[in-house]
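Report on one structure; see the data block that follows.
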Amino acid sequence: MPFEAVIGLEIHAQLLTESKIFCGCRTRFGDPPNTNVCPVCLGLPGALPVLNRRVVDLAMGAALALDCTIQGISIFARKNYFYPDLPKGYQISQYEQPLATDGRVAYEVDGHVREVGIIRLHVEEDAGKSLHEGFADSDRATYIDFNRSGVPLIEIVTRPDLRSAAEAADFFSRLRAVLVAIGVNDGNMEEGSLRCDANVSVRPAGSSGLGTKTEVKNLNSFRFLQKALEYEIERQTALLEAGGAVQQETRLWDPAAARTVTMRTKEEAHDYRYFPEPDLPPLQVDQARIAAIRDALPELPETRARRLVAQYGLPMYDAGVLTQSAALADYFEAVAAASANPKAASNWVMGEVLRKLRESDTTIERVPILPPSLAGLIRLIDGGTLSVSAAKEVFEKMYGSGREAEEIVRAENLGQISDASALRDLVRGVLEQNPGPVSQVRAGKAGPLGFLVGQVMKATGGKANPRLVNELIREALETP
Ligand code: ADP
Ligand code: MG
Ligand code: ZN
């Protein structure tokens, strides 16, 4: 019996604020341990939390971008548990009354629209960080850095609408793009600003009930998410096929061993003894504030992708790649406008530009070739001065030097010879030297024509425009 996977994600995203959620401490990543702390985020007795207004605005922006309904009143609650990096003994989160509910992310994949439901989006604080490695006595001691304690997060919980590991990873990357595009999250998964817990079960294909799920915690890359899910789906399927049962549990992904391992087996909401946070009033937001946030939202990646398709006639695939970041899409649009050749602009950005960025481990914001310069290169191809392969060489030189395409072509004499009069004599010479192939072409054979074109190309050091050479040879053979 074939099985299918059912996946729902819980995503934690750090909100892009300068200060923490309930105190004025900085949120900057990488500061020396325990330098951004105060009585509130250290959980000292008597310290009172005060909600950061910007946290609410950013969380509402995310909620609206995910098409959620924002609740006029939401409530902070204490989630009680002991952990060394949780100094208060509880985390302030939202539980029964979250900030927003019932949203969706819809996007086009291979011509179909896929929709992933959002159950809820709530606001909470992050815990500190336990440092198990990197100290001389790390074999005996764990250190704790409270700089993260009280950093603002949103948690986004999806419906179990995803059906494969690849689908889940793709969704996560699109969600990331949305959060980055609206300026709510920096998308930096290595620094832990964005991470996800993956819930997964399997069931007989085509059935509608839900199987017993496991939850894989704290996945901080698309690849780990996909690998962990692939592993879990295989593990659960094998269990069921052997007549066994899946145990509901929380697991961890071990990247080195490429497998998931049990972390804890039973966890119920009531274990946390949630109750409303007595030191914070209910959070109230009015319609005017919601409307103002909605009006300030920029164009979302999926909307932009559809616009690129409509406006520039690009394939949806291109549009999807180009809208991975707003800066990349801006770059593309600038090249498209300046070159008047959107498809070529898309090919260059998706191909050479992204390749160079990957190779040099940099971002589009820092690319040394500005859009007008790349457009200049494209115009040289469209005007017949450069072949595509010569243009790639010029591109390399532009990237390394910051010089303009035209300047490089002129200085290094790289242009194609597209001037018919400059080539006619050469063509005549080649034809005279190769009477055999010439008579074969006259007799209707195609092969020797390629040979003759090759000879002319060789004589010009590869610089002749091949299309033009072809035309000139035909012209010469037609005139007796
Ligand atoms: P829990 O109470 O264990 O946290 P929730 O109902 O809150 O479970 O759901 C948490 C996440 O797990 C959501 O993303 C949801 O879509 C997903 N989920 C719930 N049940 C299943 C299931 N049987 N299989 C896969 N995912 C599930
Ligand atoms: Mg859960
Ligand atoms: Zn603080």
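All ligand and atom numbering here is 1-based and tracks the order in the structure. Remember, predicted model here, so these are calculated numbers, not experimental data.
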- Task: Name the option, out of K213, E215, R203, that contains the heavy atom nearest to atom 3 (O) of ligand 1.
- Result: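 Looking at heavy atoms only, the winner is K213.
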- The one among I11, T158, D197 that brings a heavy atom closest to atom 16 (O) of ligand 1: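 Closest candidate by heavy-atom distance is T158.
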N/O of [X] under 3.5 Å from N/O of ligand 1, yes or no?
X: T212; value: no
X: E10; value: no
X: I7; value: no

I'd like to check which ligand 1 atoms, numbered from 1 as shown, lie under 4.0 Å from a non-hydrogen atom of [X].
X: R159; answer: 16 (O)
X: G211; answer: 23 (N)
X: V157; answer: 13 (C), 14 (O)

- Message: Which residue in the set E155, E124, K79 passes side chain to side chain donor-acceptor pair (under 3.5 Å) when paired with S93?
- Response: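 That would be E124.
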- Task: Start with the C-alpha gap between N199 and E10, add the side-chain angles, then the distance that decides, and say whether side-chain contact (heavy atoms from CB on, under 4.5 Å) holds.
- Result: CA-CA 8 Å; N199 297 267; E10 294 167 272; 2.8 Å; yes
Strictly by modelled atom types, are [X] and [Y] linked by a side-chain donor-acceptor pair under 3.5 Å?
X: T101; Y: Q71; value: yes
X: S373; Y: E404; value: yes
X: E191; Y: S193; value: no

- Item | CG on L16 to CZ on R54, rounded to 0.5 Å |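 CG of L16 is found 7.5 Å from CZ of R54.
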- L9 contact mode with ligand 1 (heavy-atom cut-off under 4.0 Å):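 Near ligand 1, L9 shows its backbone, while the atoms from C-beta on stay back.
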- Message: Looking at R148 and D126, would you say the former's side chain and the latter's main chain have a donor-acceptor pair under 3.5 Å?
- Response: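 No, because the side chain of R148 does not come within donor-acceptor range (under 3.5 Å) of the backbone of D126.
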- Query: What is the SG(C38)-the Zn ion (ligand 3)-SG(C25) angle, to the nearest 10 degrees?
  - Reply: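 Roughly 100°, rounded to 10°.
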